[in-house]
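A note on names: the letters A, B, ... follow the listed sequences, proteins ahead of strands, and every chain is numbered from 1.
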There are 2 protein chains.
Amino acid sequence: MATLKEVAKLAKVDSSVVSRVVNNDPALNIKPETRKRILDAVEELKYRPNMSARNLKKGQSKMLGMIIPDFSNPVYSLIIHGAEDQAAQEGFNLLVYSLKQKGLEKSYSPLLDGQIEGLLIANSEIDNKEILELKKTKKPFMLVNRTVAGVDNYVVANDLLGAKLATKHLIKQGHHRIAHISGPLFTATGLSRFQGYREGLQEDNIDYIPVYVQESKYTVENGYESMEILLDLPDPPTAVFASNIMICLGAMKAIQDRGLTIPKDMSIIGVHDVFFTSTLQPPLTTVKMPLYEMGREAVKKLIAIIQGKEGETGQGVTIDGASLIVRSSTSPPPSK
Amino acid sequence: MATLKEVAKLAKVDSSVVSRVVNNDPALNIKPETRKRILDAVEELKYRPNMSARNLKKGQSKMLGMIIPDFSNPVYSLIIHGAEDQAAQEGFNLLVYSLKQKGLEKSYSPLLDGQIEGLLIANSEIDNKEILELKKTKKPFMLVNRTVAGVDNYVVANDLLGAKLATKHLIKQGHHRIAHISGPLFTATGLSRFQGYREGLQEDNIDYIPVYVQESKYTVENGYESMEILLDLPDPPTAVFASNIMICLGAMKAIQDRGLTIPKDMSIIGVHDVFFTSTLQPPLTTVKMPLYEMGREAVKKLIAIIQGKEGETGQGVTIDGASLIVRSSTSPPPSK
DNA sequence: TATCAAAAGACAAACGTTTGTCTATAATGA
DNA sequence: TCATTATAGACAAACGTTTGTCTTTTGATA
């Protein structure tokens with residue numbers, strides 16, 4: 001690897017000049033002919049700046065961390081994708097940690113170490129307390145797809161709108177007995193989607209039946225169990241709105257395992273449109289959330305914070321763009 | 001952030017001693033009491049080494065790159081997961097690049113820059129030529145789940161065995177007309193699985209019918225199309241072995257879109273057991289490949305190469321551990 | 001022609017480590 | 001007691017940049 005000094009020698013100038021040329025220092029006065037000599041030398045030696053040296057000198061690392069619960073969750077794949085794109089565009093590297101076996105403590109230690117300059121937290125399993133603790137350190141971080149009371153640096157989607165879209169779609173199909181398998185009701189996503197469901201019902205004057213709401217973790221297994229409870233009800237629903245694609249997957253299976261047909265016997269709609277939703281049997285009607293955009297926006301804001309462009313944290317951002325994708329898992333209820 | 005110098009001052013020693021203590025230099029002679037003083041100072045100031053400085057000094061970066069085709073492909077999620085675990089364990093960071101919008105050229109430039117010390121290539125879409133080009137640079141890299149003629153540093157699974165397992169399972173169920181939707185036959189995985197299929201048939205004296213083999217890209221769409229061709233055959237198969245989970249997803253859909261029932265009318269089995277296979281309708285019989293282990297092993301070998309423990313590249317590794325997971329998408333053929 | 005300002009670069013210190021060498025003190029043996 | 005050898009730690013250079021300042025050269029003006 002060629003160094004600045006070697007380039008300087010070849011171009012017969014001081015290495016400081018090379019540095020300024022390479023970095024396009026606007027305050028530099030230089031003859032065009034000298035600049036050309038330098039650029040030629042850079043080219044010839046295939047000079048590339050040593051990042052460790054630069055980072056050391058500038059006290060930066062150009063690395064961002066991101067915590068997700070699990071690599072194989074397709075919801076997070078999309079967020080990561082957006083985050084990575086934006087990071088690359090701004091010259092940052094993204095280090096993704098799956099929380100599966102590490103614990104936040106260990107995951108954010110690189111932040112405290114200064115190994116990374118900021119952290120994206122896209123994980124609802126992390127305790128609020130830990131996050132408030134993190135806030136005290138004044139290190140830049142950003143919540144993605146979740147919130148914590150007292151923390152303003154978050155990026156979320158318009159979950160309320162998305163849920164309302166789903167609920168109203170079912171109502172429009174003629175359903176009155178609409179169940180909701182919610183996410184954990186201590187999370188922002190779970191709560192907002194629940195609220196959207198409630199508002200959707202309300203606006204169309206559909207009775208809210210508490211027993212039709214089952215709280216569930218965002219897993220296939222929990223979705224399955226919750227759906228079983230709903231199916232065991234004396235007066236079961238004719239449609240169900242699942243708060244998340246994992247839950248939805250489990251719920252579908254529970255319905256089908258009972259020998260019921262979707263959508264003939266039961267309509268189902270879920271939040272998050274991922275790569276296999278159209279391939280399911282039947283193809284799933286979903287609400288598509290702007291996950292990719294969320295990832296991008298979160299990184300954008302995080303970098304702004306790091307660079308001090310946003311005060312200490314900036315304001316919470318809600319990304320619009322929830323949209324209904326109608327496929328074949330919803331239909332009018334069976335006529336009595 | 002506290003520096004070595006500050007710790008040294010507090011402990012009233014030279015910073016070089018602190019460095020050696022922190023790094024457990026075995027050649028260091030030091031009084032226990034001095035060591036304690038240093039350790040206490042480290043603790044008090046919460047000293048953490050500055051990685052940029054260390055990396056600069058040691059001429060390393062402790063970063064690995066990994067190229068995948070797409071973040072939402074669950075097959076790669078598992079490989080990434082294994083790779084990340086192993087990297088973390090050995091003190092390396094893993095930078096994952098999705099090739100979607102970047103092109104290898106751009107992706108491996110950090111390797112050439114010295115920004116990363118080694119590269120994992122888990123992407124069959126990259127041209128062999130580019131890889132041979134990369135080989136010439138003598139920079140450490142490792143192929144994961146693919147091979148290139150003339151390149152010995154690869155880690156693959158036992159695809160042949162996996163395919164044979166799948167094929168024999170179908171034969172054992174009583175099938176004779178067994179189709180195979182293969183992956184691209186210029187890739188190692190595609191070819192090995194095809195070979196496993198052939199050997200499986202051969203060992204049980206089942207005729208090989210060329211038209212029963214459809215070559216397909218590893219996508220849902222291509223799987224769908226290939227299955228349609230098979231279904232349009234004058235004498236269609238009673239079972240199909242899909243070379244990959246994406247293909248399998250597409251094929252299932254094609255079968256069901258024709259109003260056929262799995263497995264009554266058509267049995268199907270696919271390679272790769274991912275999180276949603278058990279949730280599909282019907283739950284899918286699969287061959288589980290050791291993807292996580294592949295990721296781990298690849299990183300392990302890559303680091304060995306980087307650290308010069310393996311000659312220049314080491315030898316190709318095949319990871320065993322393919323296993324059949326029987327669910328409900330396979331059954332004996334319809335009796336005539 | 002002397003003066004001054006601007007232009008073009010050189011100089012040097014600093015970022016925080018690591019590590020080879022050197023020195024001073026303490027312990028050992030004869 | 002003196003020489004010798006461990007022991008304990010100090011010293012200093014180096015890794016490759018960046019950036020504030022200083023010097024020299026050039027050109028313009030009076």
Side-chain angles (χ1 to χ4, degrees), chain A residues 1-42 45-63 91 110 112-117 307, chain B residues 1-42 45-63 91 110 112-117 307:
Chain A
M1 291 270 66
T3 72
L4 222 39
K5 209 187 282 184
E6 297 174 282
V7 175
K9 195 159 132 199
L10 183 58
K12 302 199 186 307
V13 293
D14 187 83
S15 56
S16 65
V17 184
V18 180
S19 171
R20 293 189 229 248
V21 165
V22 168
N23 294 300
N24 268 313
D25 182 343
L28 174 66
N29 284 320
I30 192 171
K31 285 197 231 170
E33 116 196 16
T34 314
R35 161 171 271 129
K36 178 170 186 333
R37 226 170 49 236
I38 292 175
L39 258 19
D40 286 349
V42 163
L45 299 178
K46 299 202 176 309
Y47 168 77
R48 310 252 104 198
N50 177 314
M51 286 306 167
S52 296
R54 171 178 292 177
N55 289 339
L56 168 60
K57 183 65 198 180
K58 302 184 105 170
Q60 61 183 20
S61 74
K62 287 288 177 185
M63 296 216 272
L112 306 178
D113 293 4
Q115 274 209 65
I116 61 177
E117 297 185 55
Q307 298 177 339
Chain B
M1 291 268 66
T3 74
L4 222 39
K5 209 187 279 184
E6 298 174 281
V7 175
K9 195 160 133 198
L10 182 59
K12 303 199 184 310
V13 293
D14 187 83
S15 56
S16 65
V17 184
V18 180
S19 171
R20 292 188 228 250
V21 165
V22 168
N23 294 298
N24 269 313
D25 181 343
L28 173 67
N29 284 320
I30 191 170
K31 283 197 230 168
E33 120 198 11
T34 315
R35 160 170 272 128
K36 179 171 185 330
R37 224 170 50 237
I38 292 175
L39 259 19
D40 287 349
V42 163
L45 299 178
K46 300 204 175 308
Y47 167 77
R48 312 250 103 198
N50 178 314
M51 286 306 165
S52 296
R54 172 177 291 176
N55 289 338
L56 168 60
K57 183 65 199 177
K58 302 184 106 169
Q60 61 184 18
S61 74
K62 287 287 177 185
M63 295 216 272
L112 306 179
D113 292 3
Q115 273 210 65
I116 60 177
E117 299 185 54
Q307 298 177 338

Got a list of protein N/O to nucleotides 24-26 of chain C N/O distances below 3.5 Å?
none

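Minimum interatomic distance between Ser61(B) and Gln115(B) (heavy atoms only, all atoms of both residues): OG-O, 2.9 Å. Across Met1(B) and Lys46(B), no two heavy atoms sit closer than the pair CE-O, 4.5 Å. Heavy atoms only, all atoms of each residue included: Ala2(B) and Leu45(B) are closest at CB-O, 3.6 Å. Nearest heavy atoms, Val7(B) versus Tyr47(B): CG2-CB, 3.6 Å. Asn55(A) and Lys62(A) make their closest contact through OD1-CG, 4.2 Å (heavy atoms, listed as atom of the first residue, atom of the second, distance).
In this structure, the helix from dT1(C)-dA30(D) to dA30(C)-dT1(D) shows an angle of 50° between the axis at its start and the axis at its end, each fitted on 5 base pairs and rounded to 10°.
For the pairing with Val18(B), the side chain to side chain contact (heavy atoms under 4.5 Å, CB included) check across Val21(B), Val22(B), Asp14(B) returns one residue only, Val22(B).
Among the atoms of the strands shown, only primed sugar atoms or phosphate atoms (P, OP1, OP2) are found under 4.0 Å from some heavy atom of Asn50(B).
In this structure, Arg54(A) CZ and Ser52(B) OG are separated by 12.0 Å, a value rounded to the nearest 0.5 Å. The distance from atom CE of Met63(B) to atom CE of Met51(B), rounded to the nearest 0.5 Å, is 12.0 Å.
Within a heavy-atom distance below 4.0 Å of DNA chain D, the residues of residues 3-11 of chain A found are Thr3(A), Leu4(A). Of the residues in residues 23-34 of chain B, those placing a heavy atom less than 4.0 Å from an atom of DNA chain D are Asn29(B), Ile30(B), Lys31(B), Thr34(B), in numerical order.
Two residues, Val17(B) and Ser16(A), neighbour DNA chain C, and the one matched to the more 5' nucleotide by heavy-atom proximity is Ser16(A). Comparing Val13(B) and Asp14(A) against DNA chain D, the residue whose closest nucleotide sits nearer the 5' end is Val13(B).
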Quiz item: Can you list the steps and then say if Thr3(A) with Asn50(A) is a side chain to side chain contact (heavy atoms under 4.5 Å, CB included)?
Solution: CA-CA 8 Å; Thr3(A) 72; Asn50(A) 177 314; over 6 Å; no
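Asn23(A) contributes no side-chain N or O that, together with a main-chain N or O of Asp25(A), makes up a donor-acceptor pair within less than 3.5 Å.
On the nucleic acid side, DNA chain D contacts chain B at distances under 4.0 Å to non-hydrogen atoms, with the end points of that region at dT7(D) to dG16(D).
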Just distance, no hydrogens or angles: give the donor-acceptor pairs under 3.5 Å from side chains in residues 27-38 of chain A, sequence neighbours left out.
from: Lys36(A); atom 1: NZ; to: Asp40(A); atom 2: OD2; distance (Å): 2.8
from: Arg37(A); atom 1: NE; to: Ala11(A); atom 2: O; distance (Å): 2.9
from: Arg37(A); atom 1: NH2; to: Ala11(A); atom 2: O; distance (Å): 3.0

